[in-house]
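Worksheet: the structure to be examined is printed underneath.
Just follow the structure's listing: the first ligand is 1, and inside any ligand the first atom is 1.
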Amino acid sequence: MSAPSPANVISIFDQLDARRIEAWLREKSPEALERLWAEADRVRRENVGDEVFLRGLIEASNICRRSCGYCGIRAENGKIERYRMSRDEILECAEQARRMGYGTVVIQAGEDPGLDADFVASIVRDIKASTGLAVTLSLGEREEFELELWKAAGADRYLMRFEASKPGLFAAIHPPQAGRETCDRPALLRKLKALGYEVGSGFLVGIPGQSYADLAGDLLLCRELGLDMIGIGPFIPHPETPLGKVSAPVGEGQVPPSEAMTYKCVALARLLCPEANLPSTTALATLNLAGGRELGLRRGANILMPNLTPLKYRALYEIYPAKACVRETAEQCHACLGQRIHQIGRRIGQGAGSAPHFRRQERPGTRNGRGA
Ligand code: SAH
């Protein structure tokens, strides 16, 4: 892409079709990329402001019935010790989130049948009653009756990345459960939206076999689904997984799982979905512990997810190796993130921090039709 002059920058950013997105993903010129970062930062400030909202992450179980090709807690990995947090442990983490002033807790886990419908519903009810915090669930592909039950119990949001928008690539890295068909995650995300959830999704950057056109498709799918939250992280190979064992195809066609490529995706997601919440992810911090989170926040992101998982379980939730901050207590994590936010001239958001995109939908007749 030739470097645009300042006068035509806006029109170039306005025409983000598949071809232009792909050109940005391949862009190497530092000057052009500076313009992309600056535009993403401007659009972030205008649409979601300077507040950075904190979501306290509770990794409730690493037990998983699935065999995702990228994920270290897949069922076949016999090398990790498995755990499921007790009800009291989960409630204590939520209480800690409230004490620290977080507006949201995210309960994430492998696809663990032991986290059954009633158990999860009662935990949601208790957290809502005792803390009043927004509750996000991220428990994988679950039955419609469960998703309905949890919504009725008070769950506010559901987070499930579609991981890869291209059906063939998704099917290759995400084998179905025995006797079932590959899940249509975009269809399930639409269902979640219809149930009234604030919906988060997202994708992996640099999965072996991912082309630039595929990645442009991932970004466009975020807009098409009208997501309220978009999590984007680099693929980090885990040695105990099929995708961690193959050496990634190198060459012109393969997207690298790099920090730079992830920032491009975060910035482009901000331009495509101006009113969505965008986390600066832990996977990004894992690639660049010193400054990855800050760079994400300065290139379109507005959310951080401090980890509240008790230390004795933290290292066992090893979806990828050398995950950032596995040895820090919740208090240390909190202090560190607060400092990082202030150092870049931003402030910690108060309250639940729903996406403007979602709040607008809750008030019918006020949609602005930007398709974000
Ligand atoms: N069982 C839930 C939660 C999965 S873990 C679900 O399927 O939705 C949360 C996210 O971690 C996944 O959506 C995936 O995008 C990311 N992840 C898993 N393995 C990874 C890896 N090796 N590198 C980078 N991110 C990974």
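Taking distance alone, with nitrogen or oxygen atoms compared against 3.5 Å, Arg161 approaches ligand 1 more closely than that limit. Checking only distances, Leu204 never comes within under 3.5 Å of ligand 1, N or O to N or O. Residue His238 places no N or O, backbone or side chain, under 3.5 Å from any N or O of ligand 1. Polar contact check, Ile236 against ligand 1: a nitrogen or oxygen pair lies under 3.5 Å apart.
Only side-chain heavy atoms of Arg185 come within less than 4.0 Å of ligand 1; its backbone N, CA, C and O stay farther off. At a heavy-atom distance under 4.0 Å, only side-chain atoms of Tyr317, from C-beta outward, approach ligand 1. Only the side chain of Gln108 comes within 4.0 Å of ligand 1, judged by heavy-atom distances.
Using a 3.5 Å distance cut-off with no hydrogens or angles, the side chains of Ser130 and Arg98 do not pair a donor with an acceptor. Glu51 and Gln350 are not linked by any side-chain donor-acceptor pair at a separation below 3.5 angstrom, with hydrogens and angles left out of the test.
Below 30°, between 30° and 60°, or above 60°: for Tyr197 and Tyr158 the angle between ring planes is above 60°, a perpendicular geometry. Between Tyr70 and His174, the ring planes are parallel. Angles under 30° get that label, and only those over 60° would be called perpendicular.
Protein heavy atom nearest atom 13 (O) of ligand 1, with residue, atom name and distance: Glu163 OE2, 2.6 Å. Looking only at protein heavy atoms, the nearest one to atom 11 (O) of ligand 1 is Ile319 CD1, 3.4 Å. Shortest contact from atom 18 (C) of ligand 1 to any protein heavy atom: Tyr70 CD1, 3.6 Å.
Between the choices Gly69, Gly140, Cys64, the shortest heavy-atom distance to atom 8 (O) of ligand 1 belongs to Gly140. Nearest-residue assignment for atom 3 (C) of ligand 1 (options Ala109, Ser61, Gly110, Cys68; heavy-atom criterion): Ala109. Nearest to atom 24 (C) of ligand 1 by heavy-atom distance, out of Gly233, Pro234, Ala283, is Pro234.
Taking 4.0 Å as the cut-off between side-chain N and carboxylate O, Arg180 and Glu141 do not count as a salt-bridged pair. Ionic pairing of Arg190 and Glu224 is present here: one or more N-O contacts between side-chain nitrogen and carboxylate oxygen are shorter than 4.0 angstrom.
Considering only heavy atoms from C-beta on, Arg82 comes within 4.5 Å of Asn77 through its side chain.
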Assess whether salt bridge (charged side-chain N to carboxylate O under 4.0 Å, His left out) is satisfied between Arg26 and Glu252, documenting all intermediate values. CA-CA 10 Å; Arg26 290 179 183 275; Glu252 262 300 280; 3.5 Å; yes
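Rounding to the nearest 0.5 angstrom, the gap separating the CZ atom in Arg142 from the CH2 atom in Trp150 is 3.5 Å.
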